[in-house]
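Notes for the one structure printed next.
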Amino acid sequence: MTRVKVIPENKKNIIDKIIEMSGENIRDCMQCGKCSAGCPASDGMDLLPHQVIRLLQLGQIDRIVESKSIWNCASCFTCAQRCPRNIDIANIMEAIRLTIIRCVGNSRLKADDVPSKVDCKMPQQAIVSGFRKYNK
Amino acid sequence: MSVEAKETVMGNKNEFEPLIVAFCCNWCSYAGADLAGTSRLSYPANVKIIRVPCSCRVNANFVLRAFQRGADGVVIAGCHPGDCHYSTGNYYTRRRFSLLTNFLEYVGIEQERFKVDWISAAEGNKFATVMNDVLEKVHRLGPNRKLRDARWKR
Amino acid sequence: MQRIGVFVCWCGTNIAGTVNIEKVIAAAGEMPGVVYAKDYQYMCSAVGQNLVKNTIKEQKLDRVVIASCSPRMHEATFRKTAKVAGLNPYLVEVANIREHCSWIHKNKEEATKKAIALTRAAVAKVALNTALIAGEIGVESRALVIGGGIAGIQTALDIAEAGYEVDIIEKSPSIGGKMAQIDKTFPTLDCSACILTPKMVDVSTHPNINIYTYSELENVKGYVGNFEVTMNQRARSVNMEKCIGCGICTDKCPSKKAKSEFEEGLRNRSAIYTPFPQAIPNVPVIDREACIKFKTGKCGLCETVCPAGAIEFSQEDTKITKKYGAIVVAIGYDIIALDKFGEYAYTNHQDVITSLEFERLTNAAGPTGGKLVRPSDHKKPKKVVFVQCVGSRDKTERGKTYCSKICCMYTAKHAMLIRDKYPDIETYVFYIDVRTPGKNFDEFHRRAVEEYGVNYIKGMVGKIFPDGEKLQVHGVDALTGDTIKIDADMVVLAAATKAKEDAEDLGRKLSISTDTNNFFTEAHPKLKPVETHCAGIYLAGACQGPKDIPETVAQASGAAAKAIGLLSKDKLVNNPCISEVDEKICSGCLACTKICPYDAITSKVITFNDHGKITKRVVAQVNKALCQGCGGCTVACRPGAIDIKGFTNKQILAEVDALCR
Amino acid sequence: MNMKYSYYPGCTLKTKAQDLEKFALDSAKTLGVALQEQKEWQCCGAVYPLATDEIATKLSSVRSLAEAYQKGEKLVTLCAACHHVIKRVNEDMKHKEDIRKKVNNYLQLPNDYEGECEVIHYLEMLRDEIGFESLAQKVKKPLKNRKIGAYYGCLLLRPSKVMKFDDPENPSIIEDFIKALGATPIIYPYRTECCGGYLAIDQKDVVEKMTQNIFESASKYGVEEIVTACPLCKYNLEISGFGDENNISISYFTELLAEALGVK
């Protein structure tokens with residue numbers, strides 16, 4: 001384990017951007033973990049939702065970007081519905097995803113890959129959603 | 001307001017130092033102003049407070065006199081409706097000053113210069129916000145000249 | 001010419017840090033009427049007050065302005081100082097250059113300018129001050145305690161012991177409150193009933209104490225020392241004098257389907273009932289909504305079986321009006337409803353219960369005789385999960401933003417009691433933070449962990465899934481980041497405390513304020529914790545904010561001491577800043593009488609000599625004891641005949657002029 | 001009874017989920033409700049844009065809303081995703097000044113749109129406009145002895161502050177609907193848990209785990225059929241194969257409706 005710096009200078013901008021994009025105040029979080037406890041997609045997550053928020057509070061953005069948790073989030077709003085601090089965690093997850101995929105070439109879902117992922121029954125809704133969530 | 005218009009006002013801001021007279025009831029709003037102080041919330045020094053026992057103590061005359069003597073804005077602050085220390089005082093305030101607001105407009109004083117608001121003893125924050133808000137509006141309107149007594153130079 | 005003295009306080013660096021005191025002194029010296037201006041580091045200290053005192057005498061000052069902190073802080077102090085120096089206390093004005101100036105502004109030049117302006121306004125006002133003499137009012141030497149829980153009981157006992165009469169008014173059929181429902185008390189685990197019931201008996205037998213149960217406060221008139229209170233004693237349908245408390249009626253009553261409030265709905269009660277065996281008074285009451293006689297006109301079995309002939313179906317509500325010198329509010333708290341917390345399945349599963357229900361389940365006098373069983377199937381649970389902060393520290397509209405304060409301790413207590421009695425039952429506590437400040441409190445919590453093996457898990461529960469006989473609890477351990485699944489048999493929810501539903505309404509009747517959470521507001525959060533802003537009304541217990549029993553009792557004794565202090569006085573000094581009618585100008589329209597909230601203005605007929613002709617005329621007159629000095633009448637007066645002493649039209653206009661200069 | 005609404009179908013209903021629409025429209029006719037498909041509706045985008053700086057992705061919803069408002073009609077939706085997006089965009093137009101201003105500046109409609117239109121889901125129309133009682137009276141073939149579990153999914157319920165559809169943790173609207181059709185609703189704990197949604201496209205393993213939980217719960221409580229209002233939920237539940245394993249069939253609620261009304 002290496003010692004980390006709390007809110008490193010060079011991460012301030014991106015954290016501010018995430019906060020602005022999400023419209024949520026991450027300082028409201030008191031780490032009760034209710035979001036993680038109820039998250040139906042938590043099974044495959046390497047960072048639980050409350051840990052994502054904690055890392056954001058500490059400015060450790062790189063660890064969030066590397067994790068697969070943000071891509072496991074299905075925007076089901078269960079966390080937002082129950083958060084006692086009124087934080088819409090789904091918005092924060094979205095903001096983090098966007099800061100990544102909005103960089104040129106960073107789209108997670110490329111148009112060329114789509115045919116291989118789609119079967120004949122998959123509704124349009126899934127494809128459009130996937131595109132909106134993973135591609136810019 | 002166009003972008004240009006805004007700039008001129010901002011330009012004047014340095015020269016124009018508006019004066020706001022605030023009548024605050026002893027039980028809620030004056031205590032709210034105290035709390036703003038205790039919490040070190042800042043609002044401009046142009047706001048000066050006069051303590052009255054209840055907002056219903058404020059006579060329309062006082063407001064007119066302030067405008068006449070060169071105040072650029074007047075605020076009356078009392079307890080929230082239902083919370084008056086004297087049970088019903090602020091209801092009178094509300095009725096009296098909705099009439100005065102109309103009258104002021106009639107004599108040419110912009111409505112934004114005069115504000116009646118409810119600020120409780122726990123709302124230091126609100127006190128600062130209301131004062132900043134009124135000041136900003138008065139800044140935009142410029143000095144009050146309509147009722148000002150020509151002999152009264154500030 | 002007047003001789004005004006101006007004293008400017010530094011308040012250490014609080015004022016002197018941002019205000020140039022020298023400049024204020026210099027400017028004050030130039031103000032009309034000012035003959036003396038002086039500064040000092042701490043004007044409120046003994047040395048500072050002596051400076052004021054001596055200067056008043058030496059300089060023969062006839063008026064004083066103190067430029068210092070808020071008058072809400074030290075106006076009374078400096079008035080006293082003036083009085084000692086032989087000056088009428090109402091010839092003192094305070095310019096607030098701390099809260100309204102030095103603490104707000106950072107620019108020294110600006111702040112200094114404002115301090116001078118505020119001082120000028122105070123000087124202008126004080127020049128018009130007149131000597132005022134406070135009147136005196138009598139004190140009714142009886143106290144009213146609203147609420148018969150432990151707070152009310154302790155208050156009443158203390159006041160009664162001091163030799164004053166006390167009335168307790170209690171909404172429910174018996175005194176005792178929440179403490180009577182509780183099984184054991186932390187941190188000593190002594191039985192709640194064992195320490196409470198003797199006190200209840202003391203209350204009922206004390207010659208100075210009167211209890212009005214099943215009664216509600218209807219309205220309050222008057223003021224400190226002279227409150228006139230009307231209460232409504234609801235019809236009990238049982239004659240209190242005749243009833244011998246044998247309990248035959250409750251046994252025989254055929255309507256047994258009402259939910260017992262005392263047992264938190266875990267047991268049914270009859271329509272005629274005593275809430276619990278130790279109830280005081282031990283006289284049953286008929287719940288008219290559940291009673292067959294009242295619903296259908298048929299039955300009346302209780303009347304037939306009563307050996308004392310105490311049943312009175314025809315009883316009606318009675319109004320009682322009494323006078324009191326002091327009032328103590330001790331209405332307690334409630335816990336929030338959990339219907340909005342669907343994820344905990346409280347409303348749709350019987351084995352998810354609140355902590356208060358748990359108290360009844362472990363209580364030897366409770367519905368299960370103290371045997372811990374699941375409400376659904378009466379089987380002994382193997383795993384019990386406790387969830388803390390259900391609705392506490394919750395910023396959403398379904399919860400409360402504050403910490404409920406008592407849950408950490410009682411949850412530790414509950415888990416400990418289970419492990420003590422049934423070592424084979426596993427207990428888990430989900431918490432956000434454990435907050436146990438208090439004497440022997442944290443030791444208590446640690447004992448639960450270390451000695452009793454209660455599993456504390458830092459994290460919350462996301463959802464509880466009913467799963468056959470079990471309750472599948474999905475939680476998280478926030479420290480390791482592991483999600484957790486527990487197959488529990490029972491879940492206990494620490495629901496947030498909240499102010500009583502009727503607190504706001506009662507506050508309005510008493511003219512005392514409530515905060516955003518509807519808890520009553522104390523006069524000062526640190527220095528006046530039991531007083532309210534309304535003189536003569538005090539607070540005790542959880543109606544002022546969440547509190548445990550030791551704190552409640554301490555505050556109750558504090559409130560009692562304050563009430564005793566008030567009742568021990570023969571006379572009280574009035575506020576002299578009240579309305580005054582100038583009969584020469586009064587036109588007798590009596591517009592003022594209609595708006596006075598205290599009915600303090602009436603009319604009278606005066607005779608006067610109009611150039612030799614004697615005529616009679618109606619004018620308004622102010623009752624000095626009733627007027628509270630709001631000043632509403634002064635504005636309503638068309639000829640300007642009513643003015644309010646201490647805040648006269650002239651004084652306020654002088655302030656306006658001074659500020660606008 | 002003659003009720004008229006603007007109707008927003010959405011792309012999925014025109015392609016992969018034609019069943020959902022066909023049964024809904026046929027049933028509506030039987031119930032005396034006129035659903036007028038909007039002329040130039042555009043895809044809602046399927047997911048509500050959560051970031052505060054996304055405006056363009058909200059425009060299509062506003063166009064539909066403004067058109068319905070102009071006609072003085074309520075806007076009925078059928079697909080859960082469309083309902084979610086349009087309802088939330090409508091709330092934004094009502095309450096978020098910044099978004100309202102930008103959208104109106106962009107669209108340049110004859111009149112500024114400020115969230116005046118009321119959006120209701122087909123189920124809400126049945127509950128609040130027609131009423132489940134009068135629906136029950138129109139049922140020709142009651143679905144007797146059928147044990148049906150409602151699967152709500154996320155989009156209709158959450159966030160409840162905005163959706164105001166039903167209690168987010170203990171909803172009852174679909175159960176009441178099932179009851180009105182003469183069948184037996186079965187309440188099982190996982191009926192409001194997410195199925196994985198659009199993760200279907202990229203993370204099938206996660207979806208599989210989530211749908212498995214739902215089926216296990218449903219099966220344990222004796223559910224024989226699951227009904228849903230969302231094409232993606234239906235797809236995820238079907239593709240998982242757990243339905244066949246547990247002998248649970250999956251259908252749209254409209255199919256049930258049409259069957260009970262005798263128009264299937």
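Protein chains get the first letters and strands the later ones, always in sequence-line order, with residue 1 at the start of each.
Nearest approach of D:Pro189 to C:Pro466, heavy atoms of both residues: CG-O, 3.0 Å.
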Cross-chain donor-acceptor list, chain C x chain D, under 3.5 angstrom:
residue: C:Asn348; atom: ND2; partner: D:Asn170; partner atom: OD1; Å: 2.7
residue: C:Lys463; atom: NZ; partner: D:Thr192; partner atom: OG1; Å: 3.1
residue: C:Pro466; atom: O; partner: D:Tyr221; partner atom: OH; Å: 2.6
residue: C:Asp467; atom: OD1; partner: D:Lys220; partner atom: NZ; Å: 2.8

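Environment of NZ in C:Lys371: sparse, with no more than 12 heavy atoms of neighbouring residues, nucleotides or ligands closer than 6.0 Å. Shown here is C:Lys421, whose NZ atom has more than 12 heavy atoms of other residues, nucleotides or ligands within 6.0 Å.
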